[in-house]
Every structure is written in C-alpha cells, then in structure tokens.
2 protein chains.
Amino acid sequence: MSKKKISDLLKKGQFTVNGSLWLEGDGVRFFGPGPVQLLELIQETGSINQAAKKMQMSYKKAWQLVDNLNAMSAQPMVITTTGGEKGGGSSISEEAIQMISYHQQLRARFKKFLEEETLRLK
Amino acid sequence: MSKKKISDLLKKGQFTVNGSLWLEGDGVRFFGPGPVQLLELIQETGSINQAAKKMQMSYKKAWQLVDNLNAMSAQPMVITTTGGEKGGGSSISEEAIQMISYHQQLRARFKKFLEEETLRLK
DNA sequence: GATCGTTATATCTTCAAAGATATAACGATA
DNA sequence: TATCGTTATATCTTTGAAGATATAACGATC
C-alpha cells in the first residue's frame with residue numbers, strides 16, 4: 001500500500017500547520033506575542049493605559065505583563081513615571097526595542113517553518 | 001552601539017525558545033501532542049479507558065479527544081466496540097498509525113528548529 | 001437472563017484565569 | 001492647595017475548562 005498524503009486522511013478541505021512560540025526562562029514562559037504588541041503600543045502612545053485600550057486589553061492585564069517583563073529583564077523594558085503634568089506615562093527602553101526587533105525576526109523564521117510544513121501536507 | 005546578545009538583556013541564566021505545534025482545519029485546532037499519545041496508548045492497551053488511566057487523563061476527556069479525532073478524519077482513527085466478552089474495547093486505524101508517524105516526524109523537525117533558535121540567543 | 005468491563009452520555013461541582021470595579025498615590029502646573 | 005490623567009493595587013464577580021460522579025447501553029459468554 002502506498003503512503004497517502006496527510007491531507008487525504010482528513011475530512012475538511014483546508015489544513016495548515018500552526019503553532020506558537022515563546023521565550024522561556026527556567027521553564028517559565030515570559031515573552032509571547034501579546035507582550036510584543038503591548039510594547040509597541042506603549043512606544044507609540046507613551047502610556048500603558050492607552051496601549052491597553054488600543055489592543056482591547058484590560059489595564060490590569062497590561063500592567064501585569066509590564067511588571068512581569070521588567071522582572072525578567074536585566075534592565076527594565078518599560079520605564080514608568082507617575083504624577084506630573086499629564087498624570088504620568090511610560091516609555092520603553094533600548095532593550096525593549098531590541099527585544100521587539102528580535103521577536104519580529106523570530107516570528108518571520110517561524111512563519112517560514114510553518115509554511116513549509118503546511119506545504120508538506122499536500 | 002554594538003548589538004547585544006538577547007540573553008544579555010534578560011535576568012536569569014537559562015533561556016530557551018519553546019513552542020507548540022498543531023494541525024488546524026478551518027481555523028480549528030485538532031491535532032496536538034495530547035491526542036498523539038492517547039492514540040499510541042489505545043494501540044498499546046486496546047482500550048480508551050486504560051489508555052486514559054495510563055496518561056492520567058479522565059475518561060471523559062479522552063473520549064472527547066477520540067470523538068473529535070474521528071469527526072475530523074475521513075476514516076475513523078479509533079474503532080470502538082461495546083459489549084461482548086471483555087465489555088468492548090478500541091483499536092486504532094491504519095490512518096491513525098500514519099498520523100502518529102507523521103506527527104513524530106513533524107515534532108522532530110520542530111525540535112530542531114527550536115534548538116537552532118535557542119542557540120541563536122547565545 | 002445474569003455477568004462483565006467497556007463505551008457513551010449527562011449532570012454537578014471545583015477551580016483558576018479573566019474581567020470589572022474602585023481607589024490610593026503620584027507630581028508638575030496653575 | 002486643587003486639578004489632572006496616569007500608575008499601582010486591592011477586591012469582588014464572572015466565566016470557562018477541568019474534574020468528579022453517576023448511569024445507561026452494549027453484546028459475547030456462561
């Protein structure tokens with residue numbers, strides 16, 4: 001019996017290999033797709049609050065992500081200030097910019113991997 | 001300023017790139033690591049019930065996975081019989097064996113990808 | 001028809017994650 | 001000192017997934 005293509009084994013028409021990637025430190029996941037987008041939006045808006053709103057995330061969750069990121073990194077990724085003229089605000093560090101850049105490249109390589117694997121199904 | 005290694009940006013010592021993969025049909029995830037092990041154990045034990053116990057999964061969840069797998073595949077991956085001498089039992093189809101084999105190869109390639117990406121951090 | 005262990009299914013309970021809400025702290029400006 | 005919008009934090013509610021439990025259906029064997 002000849003070997004069938006995987007897609008022949010399955011019922012529906014459109015199949016893809018998909019997945020997700022993250023950085024792990026001592027078994028703890030800490031840098032997935034969510035945080036990257038949040039960092040980008042903090043950079044754009046200058047505020048955790050506004051960044052959270054833009055991605056329809058609760059402020060609470062956004063703050064937790066920021067807190068977690070800062071705890072895991074050698075230098076803070078997000079610098080926050082409270083009070084002042086505009087009530088405060090946040091900016092991202094050079095390290096955060098490098099992490100964003102790295103993550104974009106990583107995602108691009110992963111995307112290629114997934115596309116190759118999806119082709120292999122057919 | 002020279003570009004730092006990613007691992008220098010982070011606090012703790014041991015970092016890895018990790019992730020998970022699955023097959024998707026019409027946006028619905030349906031074939032991850034859990035089902036593969038379950039299929040293997042059904043093949044080994046001849047019973048959904050015993051397979052579930054071996055991997056410390058509730059029968060309910062195991063049965064749901066089996067039901068889902070059969071619904072997604074052109075031919076059933078698990079053939080079940082009820083009643084009879086031993087109360088019934090289950091076996092896996094040729095298609096399931098092919099899926100297991102495919103998934104093992106896919107995991108091996110993914111493992112290589114993750115290892116390469118982890119090396120890149122350092 | 002009584003027995004057996006399994007499949008098949010429904011229902012109830014638990015538990016953790018997420019969301020909603022409220023409020024204190026902050027500090028430049030006027 | 002009053003105002004402002006933001007950060008920082010606590011607490012309560014909601015929700016969905018998982019787990020626990022119970023039971024019917026099944027059919028070869030005796």
**Q.** Hphob cluster co-occupancy, Met55(B) + Met77(B), side-chain heavy atoms under 4.5 angstrom
**A.** yes
Q. Taking CG from Asn49(A) and P from dG5(D), how many angstroms apart are they, rounded to a whole number?
A. 11 Å
**Q.** Rounded interatomic separation in angstrom, taking CG from Leu69(A) and P from dT7(D)
**A.** 15 Å
(Q) In whole Å, I'd like the distance from the CD1 atom of Ile92(A) to the P atom of dT7(D). (A) 14 Å
Q | Distance below 4.0 Å between Ser47(A) side-chain N/O and dG5(D) OP1 or OP2 | A | no
Q: Taking only the side-chain nitrogens and oxygens of Thr81(A), find out if one of them lies under 4.0 Å from OP1 or OP2 of dT7(D).
A: no
Q.
Tell me which nucleotide, if any, is Watson-Crick or G-U wobble paired with dA30(C) when both distances must be under 3.5 Å.
A. dT1(D)
(Q) I'd like to compare against my own output: the B/S/- annotation of nucleotides 15-29 of chain C with a strict under-4.0 Å heavy-atom distance to protein. (A) ----BB-----BBB-
Q | Side chain proximity check, Trp63(A) to Val78(A), heavy atoms < 4.5 angstrom | A | no
Q: Answer whether the closest heavy-atom distance between the side chains of Asn18(A) and Leu114(A) falls below 4.5 Å.
A: yes
Q | For Gln50(B), all residues meeting side chain to side chain donor-acceptor pair (under 3.5 Å), sequence neighbours excluded | A | none
Q) Is it true that a side-chain atom of Thr45(B) and a backbone atom of Leu41(B) form a donor plus acceptor pair closer than 3.5 Å? A) yes
Q. Is there a side-chain polar atom (N or O) of Trp63(B) under 4.0 Å from OP1 or OP2 of dT7(C)?
A. no
Q) Between dA10(C) atom P and Gln64(B) atom CD, what is the distance in whole Å? A) 11 Å
Q) Could you give the CG-to-P distance, from Asn68(A) to dT9(D), as a whole number of Å? A) 14 Å
(Q) What I'd like to find out is whether the side chain of Asp8(B) reaches to under 4.5 Å of the side chain of Lys5(B), using heavy atoms alone. (A) yes
Q. Does Ser93(A) use its side chain to pair, donor to acceptor, with the backbone of Pro76(A) at less than 3.5 Å?
A. yes
Q.
Rounded to whole Å, please give me the gap between CD1 in Ile48(B) and C1' in dT7(C).
A. 7 Å
Q.
Tell me which nucleotide, if any, is Watson-Crick or G-U wobble paired with dT23(D) when both distances must be under 3.5 Å.
A. dA8(C)
